[in-house]
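Structure record follows, encoded as structure tokens.
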2 protein chains.
Amino acid sequence: MRLVVARCQVDYAGRLTAHLPPATRVIMVKADGSVLVHSDGGSYKPLNWMSPPCTLREGVADDGVVEWTVSAAKSDDTLRIRLEEVLHDSAHELGVDPGLRKDGVEKHLQELLAEHTTTLGAGLTLVRREHMTAIGPVDLLCRDTGGAAVAVEIKRRGDIDGVEQLTRYLELMNRDPALRPVRGIFAAQEIKPQARVLAGDRGIECVVVDYDALRGIDDPSLRLF
Amino acid sequence: MRLVVARCQVDYAGRLTAHLPPATRVIMVKADGSVLVHSDGGSYKPLNWMSPPCTLREGVADDGVVEWTVSAAKSDDTLRIRLEEVLHDSAHELGVDPGLRKDGVEKHLQELLAEHTTTLGAGLTLVRREHMTAIGPVDLLCRDTGGAAVAVEIKRRGDIDGVEQLTRYLELMNRDPALRPVRGIFAAQEIKPQARVLAGDRGIECVVVDYDALRGIDDPSLRLF
DNA sequence: CCATAAATGTCGATT
DNA sequence: AATCGACGTTTATGG
């Protein structure tokens with residue numbers, strides 16, 4: 001890992017073209033050759049970058065300024081960095097990273113809801129998780145007290161896309177005489193207004209689920225701090 | 001901007017929980033308090049991070065190890081970094097960045113296609129760009145040689161979402177007696193097979209557009225290098 | 001300020 | 001390798 005702080009100008013040409021006027025920035029060159037140009041604000045996204053696999057070639061422009069040309073290996077994407085004034089330049093041996101362990105995403109929410117289907121509606125019972133259809137798996141297939149099938153789509157954030165997805169499943173499942181009629185439930189920690197409206201128009205019920213309550217907010221073993 | 005290279009352990013708790021075992025990494029602390037933890041590989045996304053607005057508090061753990069606690073201002077997201085061994089620590093004044101200029105995204109593609117509607121189909125003429133409907137603007141509204149309305153949805157990458165979007169517009173527009181019948185064209189630089197199949201099923205025509213050809217690939221003033 | 005759509009999205013899983 | 005869906009998405013844009 002090489003860290004450079006420099007007054008620089010950057011140009012990118014690839015899927016789009018982009019230009020950064022001269023200013024002082026941090027340039028990160030990773031062991032795999034990838035390059036990140038960061039400013040002192042914004043969030044984790046660099047102003048400009050080149051993803052691996054790529055190669056860095058150091059050269060000198062016509063006016064004598066040091067210039068890096070970073071070229072992608074598979075496409076003709078190119079990043080050109082003019083280093084007008086280098087304020088810091090250091091290299092560091094980092095080694096291979098053991099990587100990140102995650103917990104708490106949609107899969108976990110699905111597991112919890114599968115075990116607590118009544119959260120979605122009184123009397124609902126689970127038939128199976130990941131019920132397969134021709135166009136993909138439905139998160140939960142349930143039956144209500146009347147024995148009718150209920151397809152459940154689970155999202156962390158209930159967006160319009162999720163409603164469309166569930167609509168496609170329902171359309172398909174309702175062609176199956178063995179299942180018909182199938183109604184839909186759209187379950188999420190948060191449901192966007194537009195998604196709610198579309199769901200209503202499609203006769204799909206919306207349920208907002210409380211992840212922390214399901215997980216058991218009082219269980220101290222699940223809290224890090 | 002502060003740059004720290006250190007053997008560290010990181011824990012995040014917020015919308016999910018995540019853990020990084022001890023290893024040497026680069027930690028970037030930006031002027032706005034945001035923190036990025038980078039390894040020596042991967043792409044531009046940090047292993048862990050905290051977005052602004054947030055505050056960094058430096059403390060010492062029970063075992064004497066220096067520990068940073070970064071807390072988000074608006075949520076209770078927390079990032080905890082145990083600095084087991086600091087190999088490098090430097091601070092740099094960067095100043096405000098003038099920002100990025102971009103060119104070549106969807107809007108530009110839409111401008112180009114608006115001026116060259118025949119690329120989408122022989123005899124097509126433009127009625128207007130950004131034709132407003134109750135659920136949002138249709139990229140292009142055209143008429144064909146027979147005078148029938150044609151709604152065009154433009155994407156850089158033609159995905160299933162875009163087909164769904166156009167479908168919603170068409171459904172709505174076909175309820176309008178003044179426009180009916182309206183057919184659809186899905187235009188993109190690249191169209192995914194699944195999107196193509198769905199479009200076919202909906203009676204929507206797919207057109208792959210060559211951005212470079214439209215822009216005029218031979219115009220040297222548009223080439224950076 | 002809230003809501004939605006785009007992104008040089010990135011990332012992981014699965015075909 | 002290609003495709004698909006999720007993401008602590010982030011970021012820009014319009015109401």
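Lettering of chains follows the sequences in order, A, B, ..., and the numbering in each one begins at 1.
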Review point. Hey, is A:Tyr44 stacking on D:dT10? Ring centres under 5.5 Å, planes under 30°.
Key: no
Practice item. Respond yes when some side-chain nitrogen or oxygen of A:Ser51 is under 4.0 Å from OP1 or OP2 of C:dT8, and no when none is. Key: no
Review point. Would one find a side-chain N or O of B:Gln165 under 4.0 angstrom from OP1 or OP2 of C:dT4?
Key: no
Check your understanding: In whole angstrom, what separates B:Asp139's CG from C:dA6's P?
Key -> 7 Å
Practice item. Sticking with atom C1', work out how far D:dC7 lies from C:dA7, rounded to a whole angstrom. Key: 13 Å
Review point. Is B:Met50 touching bases, backbone alone, or none of the nucleic acid, heavy atoms closer than 4.0 Å?
Key: base
**Study point:** Derivation and outcome, salt bridge (charged side-chain N to carboxylate O under 4.0 Å, His left out), residues B:Lys155 and B:Glu153
**Key:** CA-CA 7 Å; B:Lys155 290 272 180 267; B:Glu153 178 64 33; 2.9 Å; yes
Review point. Looking at A:Val4 and A:Trp68, what are the two nearest heavy atoms and their distance?
Key: CG2-CH2, 3.8 Å
Review point. Counting side-chain heavy atoms from C-beta on, which of D:dT10, C:dA6, D:dG8 comes nearest to B:Glu153?
Key: C:dA6
Point to revise | Check: A:Arg25 side chain, A:Cys8 main-chain N or O, donor-acceptor pair, under 3.5 Å | key: yes
Practice item. Check whether the side chain of A:Asp159 and the base of C:dT4 form a donor-acceptor pair under 3.5 Å. Key: no
Practice item. Look at the side chain of B:Ile160 and decide which nucleotide, out of C:dA5, C:dT8, D:dG5, has an atom nearest to it. Key: D:dG5
Review point. Within this structure, what is the CG-to-P distance between B:Leu47 and C:dG12, rounded to whole angstrom?
Key: 10 Å
Review point. Does a side-chain N or O from B:Lys192 land closer than 4.0 Å to OP1 or OP2 of D:dA2, or not?
Key: no
Practice item. Round to a whole Å and report the spacing from CG of B:Asp161 to C1' of C:dA6. Key: 11 Å
Review point. If you find the nucleotide of DNA chain C closest to B:Arg168 and the one closest to A:Lys45, which residue's nucleotide is nearer the 5' end?
Key: B:Arg168
Practice item. Look at all strands and tell whether B:Ser75 reaches a base, only sugar-phosphate, or nothing, counting heavy atoms closer than 4.0 Å. Key: nothing
Review point. Any donor-acceptor pair under 3.5 Å linking the side chain of B:Lys30 with the backbone of B:Leu36?
Key: no
**Study point:** d(CZ, A:Arg101; C1', D:dG8) in whole Å
**Key:** 16 Å
Point to revise | ring centroid sep under 5.5 Å plus plane angle under 30, A:Tyr12 with C:dT8 | key: yes
Point to revise | Nearest non-hydrogen partners of B:Met28 and B:Leu3, listed with the distance | key: CG-CD2, 3.7 Å
Review point. Which residue lies toward the 5' end of DNA chain C, A:Asp77 or B:Ser43, if each is placed at its nearest nucleotide?
Key: A:Asp77
Point to revise | Main-chain N/O of A:Asp76 paired to A:Thr78 side chain as donor or acceptor, under 3.5 Å | key: yes
Review point. Between atom CD1 in B:Ile191 and atom C1' in D:dT3, what is the gap in whole Å?
Key: 16 Å
Point to revise | Rounded distance (Å) that lies between atom P of C:dT10 and atom CH2 of B:Trp49 | key: 14 Å
Review point. Over how many whole Å does the gap from B:Leu79 atom CG to D:dG8 atom P extend?
Key: 14 Å
Point to revise | Along DNA chain D (nearest heavy atom to each residue), the more 5'-positioned of B:Ala195 and A:Gly42 | key: B:Ala195
**Study point:** Separation of atom CG in A:Asn48 from atom P in C:dT10, rounded to whole Å
**Key:** 13 Å
Point to revise | Distance, C1' atom - from C:dT8 to D:dG14, rounded to whole angstrom | key: 24 Å
